[in-house]
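Side chains included, hydrogens not; waters and symmetry mates left out as well; all remaining heavy atoms used. So that the names make sense, note that chain A is the first sequence line, chain B the second, and so on, each numbered from 1.
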Amino acid sequence: MSETTLPESAGRPIRVRMAPSPTGPLHIGTARTSLYNFLFARHHGGTYVLRVEDTDVARSTIEHERDIIDNLHWLGITWDEGPQVARGDDIGSFGPYRQSQRMELYAAEAARLLESGAAYHCWCTPEELEAVRRDLEARKEAPRYNGRCLRLTDADRALFTAEGRMPAIRFRVTPETIRFDDLIRGEVEFDNALLGDFVIVRADGVPLYHFVVVVDDEKMAISHVIRGEDHLSNTPKHIALIRALGYDEPRFGHIPLILNADRSKMSKRKSQTAITAFREQGYLPEAMVNFLAFLGWSPGTEEEIFTLDELSRRFDLDHVHKAGAVFDQDRLDHLNGVYIRDLSDEQLALRLRPYLPDALDDDAVLRVTPLIKERLVRLSDATELTAFLTESDEQVAALFDVEQLLPKGRGPAEAATALSSAREALAELDDGDFAADVLESRCRAAAERLDWKAGDFFRPLRTAITGRTVSPPLFGSMELLGRDRVLARLGMALEKVGPQAVGA
RNA sequence: GCCCCCAUCGUCUAGAGGCCUAGGACGCCACCCUUUCAAGGUGGAGAUCACCGGUUCGAAUCCGGUUGGGGGCACCA
């Protein structure tokens, strides 16, 4: 681990965090941010914290939390501190790690802000706020809060309280220039005079994101906040809060966004974003990690296949890009194929198991694996590629029409001839001799006797055996199917061409 | 509307002033291999480095502007 690239952290131990919100399944963008934080922590020997941002109780669910944790683990991302399944059983001494369990903390910090005058109660109703916003927009001004409740008298407040209205808490933004040295973008400058006072605690007492993120990053001693670029313009709010609360300012680093094909921020509406969906389709976690790492980062060389360990050795913020990166499905597919082919037959067979029917026993799965290995883009492709093994002879026969039995330039009668001569040649074999190499030489000999090109001769056989014109290698497929079913399928195909063969 | 960020082949990227008549990968095309499809091999098309101006002996690389794209401006995160 090189210490030379260690970003300055004011002498604090390196602690980074991922802070997913369980309002949906693990998003590809969250996964990549988590990966970068993980790699950063690993590379610098820092501590990695998982914090669940579930203050929005209405939208947060335990199912989503489980999906997030489960899929993070699936990717191989691990953390040093975080929540446990059982509440109150956390790992790490900065817990609890669910924000919903830290409400007293936020209330206390909000009270401090109220007391110092850095925050104030706001009694405006959503309707009033909406009206003000519309008005400002109509006048082409920034849609920010007008500070009305800042000018309330004690009598006004007493009146609202008597009405039973509950106030929200607003942070009073000091007009000042906020500068920070972003780890990825360098010096960034904002004018906070342009910001309106923003709500930090809702009228129902629920504290909001910009507030809790700042409180927790301090209380969890986070040294580097590495997050998506969509938070770049929220950072001056966070810094203002940090100063008002007397906290230590962490280093910030904003990584580029993952984009839809149209270059907008990647979204569920336009792209598949749930990691779990990729997982179900049979993308390998190794491929996913490799792919995600290169979406916005490169090692600065021309190497491109990296394991998680190699990545944590090589990863550094210096090589993280500034521009957003379009999610390229073709590239993911290619990488997935690379990783699939890199697996041993045994390993691959194991991973294929969930995609194949129970009717195919483990031994059969292991035997068919080498036949389909280099034809798989996703593990789920195995389902279709091996379907002919579990389909009944009748089902297979129903899959094709006579057209698909015919080699280029040949008619039904000739297909019938090929089919029957193949059946004859194979029928002579015992069960025990039904091996791919034997089958192949028999069929080649039969083709030769007919004076056909082997490829032409194989086409009707392939269709008859698998029901498809595209299939795994023909003779390996026949071997797996066994003598009886091969002969049966050849017979059924023959019946199918029969009438036309006669008519031809 | 205001603020901020960004800009190298279609896409992901290499590139930190001369090594660049811009390299790699994916995708695409052709050929080879071949029992189909893949995989593999070889080759090819594809970027006047968004544009304009400056700095410099020299700029994809530095500076300024323009244009274009994106993000943010919630009692969501």
Side-chain angles (χ1 to χ4, degrees), chain A residues 19-21 23-24 30 53-56 58-60 122 124-126 129-130 133 136-145 166-170 182 184-185 188-191 194-196 198-204 206-210 212-213 228-237 254 256-257 259 261-265 291 294-305 318-319 321-335 337 341 372-377 385 440 443-444 447 453-459 461-463 466 468-475:
Chain A
S21 180
T23 52
T30 311
E53 307 233 328
D54 59 350
T55 50
D56 186 350
R59 296 198 300 145
S60 299
C122 174
C124 297
T125 62
L129 260 15
E130 181 55 31
R133 190 174 312 124
L136 284 168
E137 274 169 16
R139 284 189 282 151
K140 301 220 179 284
E141 284 178 41
R144 58 184 154 130
Y145 185 62
M166 294 299 289
I169 300 174
R170 245 175 228 284
D182 192 274
I184 288 154
R185 276 145 227 286
V188 184
E189 189 178 299
F190 287 87
D191 182 3
L194 267 18
L195 247 44
F198 56 92
V199 173
I200 56 173
V201 181
R202 296 200 314 209
D204 63 4
V206 173
L208 262 18
Y209 170 76
H210 294 307
V212 296
V213 74
E229 196 200 333
D230 45 352
H231 283 302
L232 186 60
S233 25
N234 289 148
T235 306
K237 285 182 190 174
H254 290 91
L257 262 19
L259 274 23
D262 65 2
R263 303 206 76 89
S264 58
K265 180 164 87 164
F291 173 74
F294 275 72
L295 230 43
W297 173 84
S298 88
T301 65
E302 284 177 357
E303 306 155 275
E304 41 201 14
I305 303 297
D318 299 341
H319 281 92
H321 268 223
K322 292 178 178 151
V326 173
F327 182 94
D328 182 1
Q329 181 77 39
D330 284 334
R331 200 181 174 80
L332 207 214
D333 285 349
H334 169 256
L335 268 179
R341 274 171 254 131
I372 60 174
K373 191 188 226 173
E374 51 193 35
R375 293 168 173 76
L376 296 173
V377 172
L385 278 170
E440 178 167 358
C443 286
R444 283 190 186 279
K453 268 170 63 184
D456 289 345
F457 188 81
F458 296 162
R459 175 171 160 110
L461 304 188
R462 181 184 310 283
T463 303
T466 67
R468 294 147 175 94
T469 52
V470 170
S471 80
L474 182 55
F475 303 104

Output the distance between atom CG (A:D328) and atom CG (A:L259), rounded to the nearest 0.5 Å.
-> 12.5 Å
On a whole-Å scale, what distance lies between the P atoms belonging to B:C33 and B:G23?
-> 30 Å
Nucleotide paired to B:C31 in any strand shown, Watson-Crick or G-U, under 3.5 Å = B:G41
Rounding to 0.5 Å, atoms CD (A:E229) and CZ (A:R185) come to a distance of 4.0 Å
Measure the NE2-CG distance between A:H210 and A:N234 for me, rounded to the nearest 0.5 Å.
-> 4.0 Å
Would you indicate, yes or no, if B:C6 has its OP1 or OP2 atom less than 4.0 angstrom from a side-chain nitrogen or oxygen of A:H254?
-> no
Near-ring test A:H231/A:Y209, centroid separation under 6.0 angstrom = yes
Between C1' of B:U34 and CZ of A:R459, the distance in whole Å = 17 Å
Whole-Å distance between B:G15 P and A:E303 CD?
-> 12 Å
Between A:H254 and A:T235, is any side-chain donor less than 3.5 angstrom from a side-chain acceptor?
-> yes
Mind checking the P distance from B:C3 to B:A74? Whole angstroms is fine.
-> 16 Å
How far does the C1' atom of B:G10 sit from the matching atom of B:C28, given to the nearest Å?
-> 9 Å
Give, for atom CD of A:E303 and atom OG of A:S298, the distance between the pair rounded to the nearest 0.5 Å.
-> 10.0 Å
side-chain contact (heavy atoms from CB on, under 4.5 Å) between A:L208 and A:R202, intermediate numbers included = CA-CA 7 Å; A:L208 262 18; A:R202 296 200 314 209; 3.4 Å; yes
Which protein N or O atoms sit under 3.5 Å from an N or O of nucleotides 35-37 of chain B?
| from | atom 1 | to | atom 2 | distance (Å) |
| --- | --- | --- | --- | --- |
| B:U35 | OP1 | A:R444 | NH2 | 2.4 |
| B:U35 | O2' | A:R462 | NH2 | 3.1 |
| B:U35 | O2 | A:R462 | NH2 | 2.3 |
| B:U36 | O2' | A:T469 | O | 3.3 |
| B:U36 | N1 | A:R462 | NH2 | 3.4 |
| B:U36 | O2 | A:S471 | N | 2.8 |
| B:U36 | O2 | A:S471 | O | 3.2 |
| B:U36 | N3 | A:R462 | NH1 | 3.2 |
| B:U36 | N3 | A:S471 | O | 2.6 |
| B:U36 | O4 | A:R375 | NH2 | 3.1 |
| B:U36 | O4 | A:P473 | N | 3.4 |
| B:C37 | O2 | A:R375 | NE | 2.6 |
| B:C37 | N3 | A:R375 | NE | 3.0 |
| B:C37 | N3 | A:R375 | NH2 | 2.6 |
| B:C37 | N4 | A:R375 | NH2 | 3.1 |

For B:A16, the Watson-Crick or wobble partner whose two distances fall under 3.5 Å = none
B:C49 -> Watson-Crick or G-U wobble partner, both distances under 3.5 Å, gives none
B:G15 phosphate, OP1 or OP2: any side-chain N/O from A:H319 under 4.0 angstrom?
-> yes
Atom NE2 of A:H321 and atom P of B:U11: how far apart are they, to the nearest Å?
-> 14 Å
Sugar-phosphate atoms are those with a prime plus P, OP1 and OP2; base atoms are the rest. Using that split, label each nucleotide of nucleotides 19-33 of chain B B, S or - for protein heavy atoms under 4.0 Å, 5' to 3'.
-> ----BSBSS------
Which base, if any, makes a Watson-Crick or G-U wobble pair with B:U21, both distances under 3.5 Å?
-> none
Results of ring-ring contact (aromatic ring centres under 6.0 Å, His included) for A:F327 - residues two or more places apart only = A:F278, A:F291
On a whole-Å scale, what distance lies between the P atoms belonging to B:C63 and B:G68?
-> 23 Å
Minimum heavy-atom separation for A:G296 to A:A325, with atom names?
-> N-CB, 4.3 Å
Determine the Euclidean distance between corresponding P atoms of B:U8 and B:G70; express it in Å to zero decimal places.
-> 15 Å
Where along nucleotides 65-77 of chain B does protein come under 4.0 Å, by heavy atom, of base (B) or sugar-phosphate alone (S), with - for untouched nucleotides?
-> -----SBSSSBBB
Interatomic distance, A:E189 CD vs B:C5 C1' [rounded to whole Å] | 14 Å
Determine the interatomic distance between C1' on B:A22 and the same-named atom on B:A14; round to the nearest Å.
-> 10 Å
Any chance you could measure A:W297, atom CH2, to A:D318, atom CG, to the nearest 0.5 Å?
-> 11.5 Å
With rounding to whole Å, what would you report as the distance between B:G43 and B:U48 at their P atoms?
-> 25 Å
Residue set satisfying ring-ring contact (aromatic ring centres under 6.0 Å, His included) with A:Y145, at least two apart, ordered chain then number -> none
A:R331: partners by salt bridge (charged side-chain N to carboxylate O under 4.0 Å, His left out), with sequence neighbours left out | A:E304
What is the pairing partner of B:G1, taking Watson-Crick or G-U wobble pairs with both distances under 3.5 Å in any strand?
-> B:C73
Taken to the nearest 0.5 Å, the spacing of A:L461 CG from A:S471 OG works out to 10.5 Å
Please state the P separation for the pair B:C6 and B:A45 - nearest whole angstrom.
-> 35 Å
Spacing of A:R341 atom CZ relative to B:G41 atom C1', expressed in whole Å = 14 Å
Please determine, for B:G10, whether a Watson-Crick or G-U wobble partner exists with both distances under 3.5 Å, and give it or none.
-> B:C26
Find the partner of B:U56: check Watson-Crick (N1-N3 plus N6-O4 or O6-N4) and G-U wobble (N1-O2, O6-N3) distances, both under 3.5 Å, and reply none if neither fits.
-> none
Which part of the nucleic acid does A:G296 contact within heavy-atom distance under 4.0 Å: base, sugar-phosphate only, or nothing?
-> sugar-phosphate
